[in-house]
Amino acid sequence: MEPNWQAVSGIIRRHSATFYYGSLLFRGEARKGAWAVYAACRVGDNAVDESENPAEDLEAWWAGVERAYGGAPQGNWEVALAWALERWDIPKEAFADMREGFRTDLHPVRMATLEELYTYCYRVAGTVGLMIAPIGGAGPEGRVAAVRLGQAMQLTNCLRDVGEDLALGRVYLPADWMARYGVGLEELCQGRVSPRYVRLMRALAAEARRLYREGLSGLKYLKTGRAAVALAALQYQGILDKLELIGWDNLSRRATLSAYERVRLLPRALWLRV
């Protein structure tokens with residue numbers, strides 16, 4: 001059965017302009033494969049963040065993943081995922097790990113250490129790298145880099161959305177790093193962007209940039225989709241740049257890129273693919 005690609009790509013357009021624009025640089029079936037994977041991931045994420053019954057809807061999403069892997073899909077995104085599974089060896093373990101990451105967000109979140117945050121970033125985003133890597137033709141070395149890139153993107157999300165996440169009872173900033181820089185939870189709740197907080201943000205952003213360097217070094221392992229992956233990564237790096245530009249005020253503002261700013265990154269993405 002041919003999937004309804006308009007409906008599948010629509011899921012991505014509505015929820016992630018960054019990934020959608022990057023996906024357009026995939027060619028042929030690889031583009032559809034990327035859509036299938038990311039649409040499945042978005043449905044799981046939405047089950048947690050946009051549902052009145054997140055635990056129930058998360059399990060319904062997992063049942064859909066299992067149907068796709070079992071060859072009995074129902075609905076547009078499941079049919080698309082099953083279509084991709086017929087063409088690429090996309091590890092089910094990556095979806096299982098993602099499920100554990102989504103489960104974290106069903107409850108108030110407190111990250112004790114940077115390593116705990118990295119584990120979370122792997123589960124909800126590094127796993128996407130593992131799913132996309134086979135579509136791009138990457139081997140084991142490429143998969144390691146893909147995980148790093150996913151972690152970098154999720155860490156960027158965490159830095160961008162501190163204020164929004166706090167309102168949801170989620171604090172992804174690691175407690176050990178907060179203590180190291182003298183930043184307390186009450187300071188976050190008050191929305192104060194103090195010099196201590198800025199130093200913490202800069203230090204965590206440096207960690208994200210390190211992960212981007214490690215992840216982008218793996219572009220050479222991709223047989224297709226290099227520019228697509230590069231553009232997505234550059235857009236997320238642009239969010240870090242925008243955060244710095246607004247003085248790291250992620251407690252009351254949301255750093256975003258305009259369509260023009262995204263387009264300006266295209267030449268660099270094309271250059272990085274070489």
Residues that Glu164 engages under salt bridge (Lys or Arg N to Asp or Glu O under 4.0 Å), provided they are two or more places apart: Arg254
Partner set under salt bridge (Lys or Arg N to Asp or Glu O under 4.0 Å) for Glu115, not counting sequence neighbours: none
For Arg202, all residues meeting side-chain hydrogen bond (donor to acceptor under 3.5 Å, both in side chains), sequence neighbours excluded: none
Taking every non-hydrogen atom, the tightest pair across Met98 and Cys41: CE-SG, 3.5 Å
Please tabulate, for side-chain N and O atoms in residues 233-241, each donor-acceptor pair with protein atoms closer than 3.5 Å (sequence neighbours left out).
unit_1: Gln235; atom_1: OE1; unit_2: Arg262; atom_2: NH1; d: 2.6
unit_1: Gln235; atom_1: NE2; unit_2: Thr18; atom_2: O; d: 3.2
unit_1: Gln235; atom_1: NE2; unit_2: Leu231; atom_2: O; d: 3.4
unit_1: Asp241; atom_1: OD1; unit_2: Arg209; atom_2: NH1; d: 3.4
unit_1: Asp241; atom_1: OD1; unit_2: Arg209; atom_2: NH2; d: 2.9

Pairwise distance CG(Leu216) to CZ(Arg226) - rounded to 0.5 angstrom: 12.5 Å
Residues forming a salt bridge (Lys or Arg N to Asp or Glu O under 4.0 Å) with Arg143, sequence neighbours excluded: none
Any Leu188 side-chain heavy atom under 4.5 Å of Met178 side chain: yes
Sidechain-backbone polar pair: Arg210 side chain, Ala206 backbone, donor-acceptor under 3.5 Å: no
For Ala228 against Gly22, the heavy-atom pair lying closest together: CB-O, 3.0 Å
Ion pair check, Arg103 and Glu100, cut-off under 4.0 Å: yes
Check: Ile132 and Phe26 side chains under 4.5 Å, non-hydrogen atoms: yes
Heavy-atom side-chain proximity of Tyr69 to Val65 below 4.5 angstrom: yes
Geometric cation-pi criterion Arg180 and Trp177, 6.0 Å radius, 45° cone: yes
Minimum-distance pair of heavy atoms, taken over all atoms of Val198 and Gly247: CG2-O, 4.0 Å
Gly182 backbone acceptor or donor facing Arg196 side chain under 3.5 Å: yes
hydrophobic_cluster_shared for Leu185 and Tyr197, side chain cutoff 4.5 Å: yes
Close side-chain approach of Leu265 and Leu257, heavy atoms under 4.5 Å: yes
Atom of Val8, atom of Ala80 and distance for their closest heavy-atom approach: CG2-CB, 3.7 Å
For the student: nearest non-hydrogen atoms of Trp83 and Gly33, plus distance: CZ3-N, 3.8 Å
Heavy-atom closest pair, residues Ala133 and Leu222: O-CD2, 4.4 Å
Transitive ILVMFWY side-chain link Val144 to Met131, under 4.5 Å: no
Straight-line distance of Arg170 CZ to His107 NE2, nearest 0.5 Å: 11.0 Å
Separation between OG of Ser23 and NZ of Lys32, rounded to the nearest 0.5 Å: 13.0 Å
Ion pair check, Lys92 and Glu66, cut-off under 4.0 Å: yes
Joint hydrophobic cluster, Tyr221 plus Val147, side-chain heavy atoms closer than 4.5 Å: no
Reference residue Tyr118; test side-chain hydrogen bond (donor to acceptor under 3.5 Å, both in side chains); the match among Glu207, Gln151, Gln154, Arg123: Glu207
Val171/Leu166 under side chain to side chain contact (heavy atoms under 4.5 Å, CB included): CA gap, chis, key distance, verdict: CA-CA 6 Å; Val171 181; Leu166 188 63; 3.7 Å; yes
Minimum side-chain heavy-atom gap Leu25-Leu266 below 4.5 Å: yes
Short side-chain to backbone donor-acceptor contact, Asn250 and Leu159, under 3.5 Å: yes
Over 12 non-hydrogen atoms of neighbours within 6.0 angstrom of CZ in Arg110: yes
Side-chain donor or acceptor of Ser51 paired with backbone N/O of Val48 under 3.5 Å: no
Any donor-acceptor pair under 3.5 Å from Arg31 side chain to Leu24 backbone: yes
Single-linkage hydrophobic cluster, 4.5 Å side-chain cutoff, Leu243 and Met201 together: yes
Between CG on residue Asp97 and CG on residue Leu130, distance to nearest 0.5 Å: 8.0 Å
Electrostatic pair Glu50:Arg42 at N-O distance under 4.0 angstrom: no
Validation row: Phe95, Thr127 side chains within 4.5 angstrom (heavy atoms): no
Glu187 side chain vs Val183 backbone, donor-acceptor pair below 3.5 Å: no
Derivation and outcome, side chain to side chain contact (heavy atoms under 4.5 Å, CB included), residues Val43 and Ile11: CA-CA 8 Å; Val43 170; Ile11 295 171; 4.3 Å; yes
From CA spacing to verdict: side-chain hydrogen bond (donor to acceptor under 3.5 Å, both in side chains), Arg13, Ser9: CA-CA 6 Å; Arg13 286 198 304 273; Ser9 63; 3.0 Å; yes
Stepwise side chain to side chain contact (heavy atoms under 4.5 Å, CB included) check, Asp57 with Asn46: CA-CA 9 Å; Asp57 285 351; Asn46 293 346; over 6 Å; no
Path from Tyr120 to Leu200 over hydrophobic side-chain contacts below 4.5 Å: yes
Plane angle bin for Trp61 and Trp77 - parallel if under 30°, tilted between 30 and 60°, otherwise perpendicular: parallel
Ring geometry between Trp35 and Tyr20 (parallel below 30°, tilted from 30 to 60°, perpendicular above 60°): parallel
Other residues, nucleotides, ligands: >12 heavy atoms within 6.0 Å of Gln190 CD: yes
Inter-residue atom distance Tyr172.OH - Leu204.CG, 0.5 Å rounding: 15.0 Å
For Glu52, all residues meeting salt bridge (Lys or Arg N to Asp or Glu O under 4.0 Å), sequence neighbours excluded: none
Atom pair CG/SG of Leu114 and Cys121 - distance to nearest 0.5 Å: 8.5 Å
